[in-house]
Amino acid sequence: MKLKYLVAILLITALFLGCAGEKKEAATPTPEKTAMPESTPESAPKFKLVEPGVLTVGTDAAYPPFESINEVTNEFEGFDVDLMKEVAKRIGLEVKFVNVAWEGIIPGLVAHKYDVIASAMTITEERKKQIDFSDPYFEAWQVIVVRKDDDRISKAEDLAGKIVGVQIGTTGQFVAEDLVKEGINFEIKTYDTTPDALLDLKNGNIDACIIDNGVAEKALKNNPDTYKIVGGKLSYEEYGIAVAKDNPELLKAINQALKEIKEDGTYDKIYQKWFGE
Ligand code: ARG
């Protein structure tokens, strides 16, 4: 008799505990399930961000007038910086810039160290294998920069036998390599940044640089007695804002913002600020 009671009590206890356990587990997801659709409107952005509410922008900030760090204020500034502030605002995000070396800027995006690259980056088929690009936002081309007093080089063919500086991993390097392949035989010297290459040119350690026209023109403006541009356009390129391939909703939002910025005259204002006379 006693044993029967004991077994019965044990069974009842086990059943009760089992139910309680189940109930607890089941109780947790239920409120979430019902709360989610109400608190998340259909239109809420579905993109990934490194930091919630913030668009984190990776840029190699040694590239005036597109991106640089103001020596007095220590703030990021330039065409891309103003453009991205405007893009972020229209997506409803704060904006934060991180200074990254150009070499490694694409792997950093793929690894989600930042949400986008805005760094005067040319849209290329090769890069498109790794990352996505926004609609083009700027036209550019490669130019040859030489010292102002150097009369030996006036066109690409004159680079034969010379030393040409480029920023490593840029379209400047790719264009230089193509010229060599085409048979204009010169030595290519790579630099971590474009200002490093320009400085070495100024100091007479190399004979020319191949760099983006906008940056070359800015260098000329700042150092009118040091440099000149020769040989015309070596390429046709377009800059795009780069986004990781697993973040298509962010890309969509950026393209929409870019479109609005172009349509309502904001783009022209930013352009005038950095490239107007
Ligand atoms: N437009 C060139 C490229 O995409 C050079 C860009 C370099 N940008 C920079 N911030 N350093 O290769």
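Whatever order the structure lists them in is the order used to number ligands and atoms, beginning at 1.
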* To do: Considering only non-hydrogen protein atoms, determine which one is nearest to atom 11 (N) of ligand 1 and report residue, atom name and distance to 0.1 Å.
  => D60 OD2, 2.7 Å
* To which protein heavy atom is atom 6 (C) of ligand 1 closest, and what is the distance rounded to 0.1 Å? -> A120 O, 3.2 Å
* Which residue, L49, T59, V100, L55, forms the side chain to side chain contact (heavy atoms under 4.5 Å, CB included) with Y114? -> V100
* Hey, does Q142 come in under 3.5 Å of ligand 1, counting only N/O atoms on both sides? -> no
* Asked: In the protein, which heavy atom is nearest to atom 8 (N) of ligand 1, and how far is it?
  -> S119 O, 2.9 Å
* Between D212 and Q142: side-chain donor-acceptor atoms closer than 3.5 Å -> yes
* **Protein heavy atom at shortest distance from atom 9 (C) of ligand 1** => Y63 CG, 3.3 Å
* Asked: Which one of D178, I144, N213, T171 satisfies the side chain to side chain contact (heavy atoms under 4.5 Å, CB included) criterion with L234?
  -> I144
* **Residue of the set K259, K269, R90 for which salt bridge (Lys or Arg N to Asp or Glu O under 4.0 Å) holds with D264** => R90
* To do: Please tell me if the side chains of W102 and T194 come closer than 4.5 Å, counting only heavy atoms from C-beta onward.
  => no
* Answer yes or no: does an N/O atom from T170 fall short of 3.5 Å to an N/O atom of ligand 1? => no
* Mode of D212 contact toward ligand 1 - side chain, backbone, both, neither (heavy atoms, under 4.0 Å) -> side chain
* To do: For atom 2 (C) of ligand 1, find the nearest protein heavy atom and state the residue, atom name and distance (0.1 Å precision).
  => T171 OG1, 3.2 Å
* Asked: Taking atom types as modelled and ignoring hydrogens, do the side chains of H112 and D246 form a donor-acceptor contact shorter than 3.5 angstrom?
  -> yes
* Structure fact -> Within 4.0 Å of some non-hydrogen atom of M121, the atoms of ligand 1 are 4 (O)
* Asked: Any N or O of Y239 that comes nearer than 3.5 Å to an N or O of ligand 1?
  -> no
* Asked: Once the angle between the rings of Y271 and Y267 is folded into 0 to 90°, is it parallel (under 30°), tilted (30 to 60°) or perpendicular (over 60°)?
  -> parallel
* **Non-hydrogen side-chain atoms of F133 and K128 separated by less than 4.5 Å** => yes
* Taking the non-hydrogen atoms of T194, is any one of them nearer than 4.0 angstrom to ligand 1? -> no
* To do: Could you list the atoms of ligand 1 found under 4.0 angstrom from a heavy atom of Q167?
  => 7 (C), 11 (N)
* Asked: Hey, is R127 one of the residues with a heavy atom under 4.0 angstrom from ligand 1?
  -> yes
* Between F138 and Y239, how do the two ring planes meet: parallel, tilted or perpendicular, split at 30° and 60°? -> parallel
